[in-house]
Amino acid sequence: LKGSRLMAEILAPLPAVSLAEGIGKMPLGGSVRPAEIVGLRSPLTGRTRQFQAPLGRRRPGPEPQLRGRGTAFTAASARGALLLLGFQCRRSLCRRRLWPCRSSTRVARASTAASASPLDPLEPLEPLRVRTFSVSSMLAAAGLCLLGFTMPTPIIPTLRARFMLSAGQVGLIFSSFALGMFFAVMVLPGLSDRLGRKRVAAAALTCTAVGFSAQGLAVNLGWSFQSFLLMRFLTGLFAGCNPIFKAYLADVVPTSRLSTFMVYREASATLAFVIGPTLGGYLATTLGPSSPLYATAIAHAMGALLVATRVQESIGLRTLDEAKPEVGKASQAVTRVHWPVVICVLAMSFLYVIGQSCFSSFFPLLMNDRFGSSPSDIGLLATKVSSVALVFQIFGYGPVQRRLGLRVTGMLGAACICLGLLGFGYRILPLWLAALSYALGVASFPATIPTLLTRAVPQKQFGLAMGVDSTVNNVCRVLAPILLGLLYSREVSLCFGVAGSAMLVVIALLLLPASQIRKSAKA
């Protein structure tokens, strides 16, 4: 009703009355000051409404005359009335919560800033405890280290033909390497606590480079399959640098920025998955099946040189900073280990590695058996999948996670992985759509596990939690390829169906930690 009355006053005005008596009389036909008080008499009620007419900058001189019912009506009065109409309508909509009010917007921005990520531009950034180039060098070494998992992937069909392996024996190639890593992640992180992250990481990368060179010699010289598996196992004994990289970040990065640098580490890993398969497929096609193994050895040697020459030691930095009081909620969020949450998160990590092992170990065989793809074709498709994952991880994960939350984003990621694996095995989706679904899943789900662990474990035990998580992952990498290989030998769809079903269990487990963390926080 107010809006209709105001509209009637605008459309059918009577002669306007100037109420600027206090600041001097001024005819309405002349120049009106920006803060002049204007009155309009309504033809419906006979009352005069008073309001200010903020006009802003205007050219000097007389106002143009507007004619309505033969009565002079100045443009200043019309503008003021329109401003009043808009203000009244907006205030009415704000009361009914149909328009974002300025006060509610400020409250929403304040609450968003309070719960924003550590790298939110609204909050000051704490400096790193070492040079930025040192952290960048460690992240680059982590990416070079992960090339060992990606570059040899396209030569799996060639190794199967050369050693005359069954599908179950193909899984032993990955299980032997993971078995060596199982011991490495239990020994190397603790050793780095005493001897230093830089020294242990450089030595481990050097030994891993020697091991991959020995694998290439085993393929070139025609050694037996047992000798090749032995070289894989010995190489895995020194391939436990991933927890050391995470521990280094925990040492040198402030608590408020740690989660963001963990995302950077995931991005470096995704970049390795982008470069590795294509480069490995090209080298295998042009130079022979052993060339990806030699290239992986060179990558690890480069990583060792980078760590030894460009990375600052972090041991001792964290103990000096622990005495300083930290400002913010992150340091006071968790004071004890919430074991129910930790067990659920480790279970999710174990089940996720099943799906990951299925794709990395048996997707090349699926492409070769079903479509007759060459190593270069397999590497190109794997690179496309990793490229989609990298683009979404850089540009899409942050906005989606802020809008939906960590738990819902993790559930969507697990559902995408499940849909992609089922699409590969049962052909319920086109190949490109299944690959796209899997790529979006692996880009959005992996960050859920370390983030949930940081919410359930005190900051002082974060490195230990990452080591336990790596141990659980390696146990799964030992067992999953063997069991999935037996399923693949029976039926291809059965292998991918079991891996996809494991991600459904992950979705169910994601419903538990959130409520448990709330109860623990209230307690």
Chemist: Which heavy atom in Met151 sits nearest to a heavy atom in Pro154, and how many Å separate them?
Modeler: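 Smallest heavy-atom distance, with atoms named: O-CD, 3.2 Å.
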Chemist: Show the nearest heavy-atom pair for residues Thr158 and Pro289, with the distance to one decimal.
Modeler: CG2-CB, 3.7 Å
Chemist: What do you reckon, are the aromatic ring centroids of Tyr294 and Phe212 less than 6.0 Å apart?
Modeler: no
Chemist: Checking the side chain of Ser291 only, and the main-chain atoms of Leu283 only, is there a donor and an acceptor separated by less than 3.5 Å?
Modeler: yes
Chemist: Can you find a pair of side-chain heavy atoms, one from Ile343 and one from Pro340, that are under 4.5 Å apart?
Modeler: no
Chemist: Please tell me whether Ser290 and Asn220 have a donor and an acceptor in their side chains that are separated by less than 3.5 angstrom.
Modeler: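 A pair is found: one side chain offers a donor N or O, the other an acceptor, under 3.5 Å apart.
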Chemist: Report yes if some heavy atom in the side chain of Leu205 is under 4.5 Å from a heavy atom in the side chain of Cys241; otherwise report no.
Modeler: yes
Chemist: For Ser136, give me all partners under side-chain contact (heavy atoms from CB on, under 4.5 Å), at least two apart in sequence or on another chain.
Modeler: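 Per chain and number, Ser136 pairs via side-chain contact (heavy atoms from CB on, under 4.5 Å) with Thr132.
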Chemist: So, does Arg162 use its side chain to make a donor-acceptor pair with the main chain of Val219 at under 3.5 Å?
Modeler: yes
Chemist: Can you tell which of Val170, Leu165, Asn368 makes a side chain to side chain contact (heavy atoms under 4.5 Å, CB included) with Ile156?
Modeler: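 Considering Val170, Leu165, Asn368, a side chain to side chain contact (heavy atoms under 4.5 Å, CB included) with Ile156 is found only for Val170.
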Chemist: Please determine whether the number of non-hydrogen atoms from other residues, nucleotides or ligands lying under 6.0 Å from atom CZ of Arg427 exceeds 12.
Modeler: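 For Arg427, atom CZ is not crowded (no more than 12 foreign heavy atoms under 6.0 Å).
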Chemist: Angle between ring planes, Phe496 versus Phe424, binned at 30° and 60°: parallel, tilted or perpendicular?
Modeler: perpendicular
Chemist: About how many Å separate OG1 of Thr235 and CE of Met181, when rounded to the nearest 0.5 Å?
Modeler: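 Here the interatomic distance stands at 11.5 Å.
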Chemist: Is it the case that the side chain of Glu313 and the backbone of Lys198 share a donor-acceptor pair, with hydrogens and angles ignored and the cut-off at 3.5 Å?
Modeler: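 Checked: pair present.
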Chemist: Please enumerate all residues that pass side-chain contact (heavy atoms from CB on, under 4.5 Å) together with Ser227, with sequence neighbours excluded.
Modeler: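 Residues passing side-chain contact (heavy atoms from CB on, under 4.5 Å) with Ser227: Trp223, Ser224.
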Chemist: Does one side chain, of Asn473 or Ser470, offer a donor that lies under 3.5 Å from an acceptor on the other?
Modeler: no
Chemist: Establish, from distance only, whether the side-chain atoms of Ser357 and Arg477 form a donor-acceptor pair under 3.5 Å.
Modeler: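 No, because no side-chain N or O of Ser357 sits under 3.5 Å from a partner of the opposite role on Arg477.
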Chemist: How long is the span from the OG1 atom in Thr471 to the CZ atom in Phe350, to the nearest 0.5 Å?
Modeler: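 Nearest 0.5 Å value for the OG1-CZ distance: 12.5 Å.
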Chemist: Assess whether atom CE of Met302 is packed by more than 12 heavy atoms of other residues, nucleotides or ligands within 6.0 Å.
Modeler: no
Chemist: A quick test of your reading: do over 12 heavy atoms of other residues, nucleotides or ligands sit less than 6.0 Å from CZ of Arg160?
Modeler: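 Buried by this count: over 12 neighbours within 6.0 Å.
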Chemist: If only atom types and distance count, is the side chain of Ser175 paired as donor or acceptor with the main-chain N or O of Val478 below 3.5 Å?
Modeler: yes
Chemist: Rounded to the nearest 0.5 Å, what separates atom OG1 in Thr150 from atom CD1 in Ile275?
Modeler: 8.5 Å
Chemist: Is Val506 close to Phe445 at the side-chain level, that is, under 4.5 Å between some pair of heavy atoms?
Modeler: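 Contact flag for Phe445/Val506 side chains = yes.
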Chemist: Rounded to the nearest 0.5 Å, what separates atom CE in Met367 from atom CG in Leu431?
Modeler: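 Here the rounded value is 5.5 Å.
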Chemist: Holding to side-chain contact (heavy atoms from CB on, under 4.5 Å), I want the full list of residues that pass it with Cys495, two or more places apart in sequence or in another chain.
Modeler: Cys358, Phe362, Leu484, Leu487, Tyr488
Chemist: Could you check whether any side-chain N or O of Gln312 sits under 3.5 Å from a backbone N or O of Arg131, counting only pairs where one atom can act as donor and the other as acceptor?
Modeler: yes
Chemist: Determine the minimum heavy-atom distance between Ala456 and Val342, stating which atoms define it.
Modeler: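 Answer, listing the atom of Ala456 first, then Val342: CB-CG2, 4.1 Å.
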Chemist: Is it true that, when you exclude Phe233 itself, more than 12 heavy atoms of the residues, nucleotides or ligands shown sit nearer than 6.0 Å to its CZ?
Modeler: yes
Chemist: Distance-only, no hydrogens or angles: does the Ser349 side chain make a donor-acceptor pair with backbone N or O of Val345 under 3.5 Å?
Modeler: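 Checked: no pair found.
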Chemist: Are any side-chain N or O atoms of Ser386 and backbone N or O atoms of Thr383, one a donor and one an acceptor, separated by less than 3.5 Å?
Modeler: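 Absent.
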Chemist: To the closest 0.5 Å, what do you measure between CD1 (Ile507) and CD1 (Ile417)?
Modeler: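 Spacing of CD1 (Ile507) from CD1 (Ile417) equals 9.0 Å.
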Chemist: If every non-hydrogen atom of Met503 is compared with every non-hydrogen atom of Tyr352, which pair is closest and at what distance?
Modeler: SD-CA, 3.9 Å
Chemist: Between Phe238 and Leu234, what is the shortest heavy-atom contact and its length?
Modeler: CD1-O, 3.4 Å
Chemist: Of all the heavy-atom pairs spanning Ala389 and Ala443, show the shortest one and how long it is.
Modeler: O-CB, 3.4 Å
Chemist: Quick one: does Ile378's side chain get under 4.5 Å of Ser373's, heavy atoms only?
Modeler: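 Sidechains of Ser373 and Ile378: in contact.
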Chemist: Quick one: CG on Leu421 to CZ on Phe363, what's the gap to the nearest 0.5 Å?
Modeler: 10.5 Å
